[in-house]
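In what follows, a structure is listed as structure tokens, so that the remarks can point back to it.
Chain letters run A, B, ... following the sequence lines, proteins first, then strands; residues in each count from 1.
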Number of protein chains: 2
Amino acid sequence: MRIGEIADTAGTTTKTLRFYEDQGLLPPTERTPAGYRDYTPETVARIDFIHRGQAAGLTLAQIRQILDIRDRGQAPCDHVRDLLDARLTEIEQQLAGLAALRDTIAELRDQAARPEPESCNPDQVCRYL
Amino acid sequence: MRIGEIADTAGTTTKTLRFYEDQGLLPPTERTPAGYRDYTPETVARIDFIHRGQAAGLTLAQIRQILDIRDRGQAPCDHVRDLLDARLTEIEQQLAGLAALRDTIAELRDQAARPEPESCNPDQVCRYL
DNA sequence: CTTGACCTTCCCCTGTACTGGAAGGTCCAG
DNA sequence: CTGGACCTTCCAGTACAGGGGAAGGTCAAG
């Protein structure tokens with residue numbers, strides 16, 4: 001499969017795929033005699049993996065680390081476990097912060113939906129977040 | 001209070017505070033006759049607000065929008081409510097993605113902690129995320 | 001009255017995740 | 001055999017959230 005096909009089915013662009021290859025997120029592909037990249041269909045799954053990681057707030061560098069672990073087919077050393085532990089802690093904190101923010105914004109929103117004068121007291125509004 | 005004091009107590013830098021002022025997150029302060037910024041202590045709370053927003057994954061532009069609403073002391077118009085609704089939906093999605101990722105990484109981590117040969121089957125490892 | 005710590009503006013640099021566009025090669029349909 | 005769609009590399013620019021450091025002004029202590 002050529003890069004445009006892969007990009008379309010994975011919902012991204014050829015630019016992005018070349019960028020991912022450059023960044024080590026996608027391994028260099030086979031090339032056709034003309035020099036065109038020749039992808040296997042499994043690449044789509046890998047790109048989906050990257051997208052799921054991004055949707056969850058990971059950086060490409062973090063996703064690349066996870067992919068590297070996965071690619072090695074084994075994740076034995078303490079270093080890797082520590083890396084995942086650290087990531088977990090970070091994610092727990094992000095989750096807590098996000099949940100708190102959701103509640104705060106929900107309150108602000110309710111206030112926005114209910115524009116009675118007394119609910120518009122600046123002192124009260126300023127307590128949020 | 002001068003900018004260095006505020007930066008120290010708020011746990012940030014003078015550079016960042018000037019940047020925030022530039023971006024409209026902090027209102028321009030009074031100036032001393034010498035041209036020094038003169039902050040009120042409440043500014044620290046505003047910076048904390050910004051930090052909480054960032055910890056929850058908001059961009060400075062999003063935080064500025066919320067601060068603008070707050071500063072007006074009222075949030076009456078539909079536009080604002082829609083903005084908060086959209087942000088809420090985004091946050092719910094982020095929360096879901098983050099929770100899923102946490103579970104995935106926890107599984108990967110457990111596998112990393114348990115390096116028996118059979119748990120290192122690449123096919124199995126590759127199922128994660 | 002100088003030294004050091006602080007402040008000012010200014011401009012450029014960093015890293016992240018792309019995006020645009022130029023200049024050129026390839027491939028297939030008509 | 002030409003046009004258009006695709007591909008290649010390379011260079012450059014974008015937005016975000018600052019950081020580095022120069023050049024100069026201010027202020028309190030010794």
Side-chain angles (χ1 to χ4, degrees), chain A residues 1-40 43 46-68 87 90 94 97 101, chain B residues 1-41 43-44 46-68 87 90 94 97 101:
Chain A
M1 296 172 77
R2 284 184 311 182
I3 195 168
E5 259 181 289
I6 291 281
D8 283 352
T9 60
T12 184
T13 67
T14 60
K15 281 277 190 192
T16 299
L17 294 187
R18 292 191 199 98
F19 175 71
Y20 284 173
E21 181 179 320
D22 201 55
Q23 301 297 303
L25 287 144
L26 296 178
T29 62
E30 293 297 303
R31 298 292 182 122
T32 69
Y36 287 15
R37 286 175 182 80
D38 191 12
Y39 290 92
T40 62
T43 306
R46 196 177 177 93
I47 298 164
D48 285 346
F49 180 103
I50 296 170
H51 287 163
R52 282 195 295 282
Q54 285 192 301
L58 295 184
T59 66
L60 290 186
Q62 292 170 329
I63 295 168
R64 184 166 49 67
Q65 285 187 308
I66 298 176
L67 282 170
D68 285 350
R87 191 73 59 242
E90 256 183 52
Q94 250 186 297
L101 185 81
Chain B
M1 294 169 79
R2 284 183 312 180
I3 195 168
E5 258 180 290
I6 292 280
D8 284 351
T9 61
T12 185
T13 67
T14 60
K15 282 277 188 189
T16 299
L17 294 186
R18 293 191 198 97
F19 174 71
Y20 285 174
E21 181 179 321
D22 202 56
Q23 302 298 303
L25 287 143
L26 297 178
T29 62
E30 295 294 304
R31 298 289 183 124
T32 68
Y36 287 15
R37 286 175 181 79
D38 192 11
Y39 291 91
T40 63
T43 305
V44 175
R46 194 176 178 94
I47 299 165
D48 285 347
F49 181 103
I50 296 170
H51 286 163
R52 281 194 296 281
Q54 287 192 300
L58 295 184
T59 66
L60 290 186
Q62 292 171 327
I63 296 168
R64 184 166 49 69
Q65 284 186 308
I66 297 175
L67 282 170
D68 285 349
R87 190 71 59 242
E90 256 182 52
Q94 251 187 296
L101 185 81

Inset, instruction - Determine whether Met1(B) and Thr43(B) make a side-chain contact, defined as any pair of heavy atoms from C-beta on separated by less than 4.5 Å. - result: no

Inset, instruction - Could you state the atom-to-atom distance from OH of Tyr36(A) to P of dA5(D) in whole Å? - result: 14 Å

Inset, instruction - Check whether any side-chain nitrogen or oxygen of Arg31(A) sits under 4.0 Å from OP1 or OP2 of dT9(D), and answer yes or no. - result: yes

Inset, instruction - Classify the nucleic acid contact of Gln23(B) as base, sugar-phosphate or nothing, counting any heavy atom under 4.0 Å across all strands shown. - result: nothing

Legend entry - side-chain contact (heavy atoms from CB on, under 4.5 Å), paired with Arg18(A), selected from Thr14(A), Asp22(A), Thr16(A): Thr14(A)

Legend entry - Separation of Gln65(B) CD from Leu58(B) CG (nearest 0.5 Å): 10.0 Å

Legend entry - Whole-Å gap separating C1' (dG18(D)) and OH (Tyr20(B)): 8 Å

Inset, instruction - Could you state the atom-to-atom distance from CZ of Arg2(B) to P of dT26(D) in whole Å? - result: 14 Å

Legend entry - Rounded distance in Å - CD1 (Ile6(A)) to C1' (dC6(D)): 15 Å

Inset, instruction - Would you kindly compare Thr32(A) and Glu5(B) by the position of their nearest DNA chain C nucleotide and give the one closer to the 5′ end? - result: Glu5(B)

Inset, instruction - Taking heavy atoms of chain A and a 4.0 Å limit, find me the 5'-most and 3'-most nucleotide of DNA chain C within that range. - result: dA17(C) to dC27(C)

Legend entry - SB check Arg37(A) Glu21(A) (cutoff 4.0 Å): yes

Inset, instruction - Using atom CG of Leu58(B) as one end and atom P of dA15(D) as the other, report the distance to the nearest whole Å. - result: 21 Å

Inset, instruction - Check whether any side-chain heavy atom of Ile50(A) lies under 4.5 Å from a side-chain heavy atom of Leu26(A), and answer yes or no. - result: yes

Inset, instruction - Considering just the side-chain nitrogens and oxygens of Thr16(B), establish if one lies under 4.0 Å of OP1 or OP2 belonging to dG19(D). - result: yes

Legend entry - Sub-4.5 Å side-chain heavy-atom contact between Arg2(B) and Asp38(B): no

Legend entry - Approximate separation, where rounding is to 0.5 Å, of Thr9(B) OG1 and Tyr39(B) OH: 11.0 Å

Legend entry - Sugar-phosphate, base or nothing in reach of Arg37(A), heavy atoms under 4.0 Å: sugar-phosphate

Legend entry - Leu17(A) CG - dC6(D) C1' separation (whole Å): 15 Å

Inset, instruction - Find the distance Arg64(B):CZ to dG18(D):P and express it as a whole number of Å. - result: 14 Å

Legend entry - Nearest-Å distance for atom pair CG/P, residues Asp22(B) and dC16(D): 13 Å

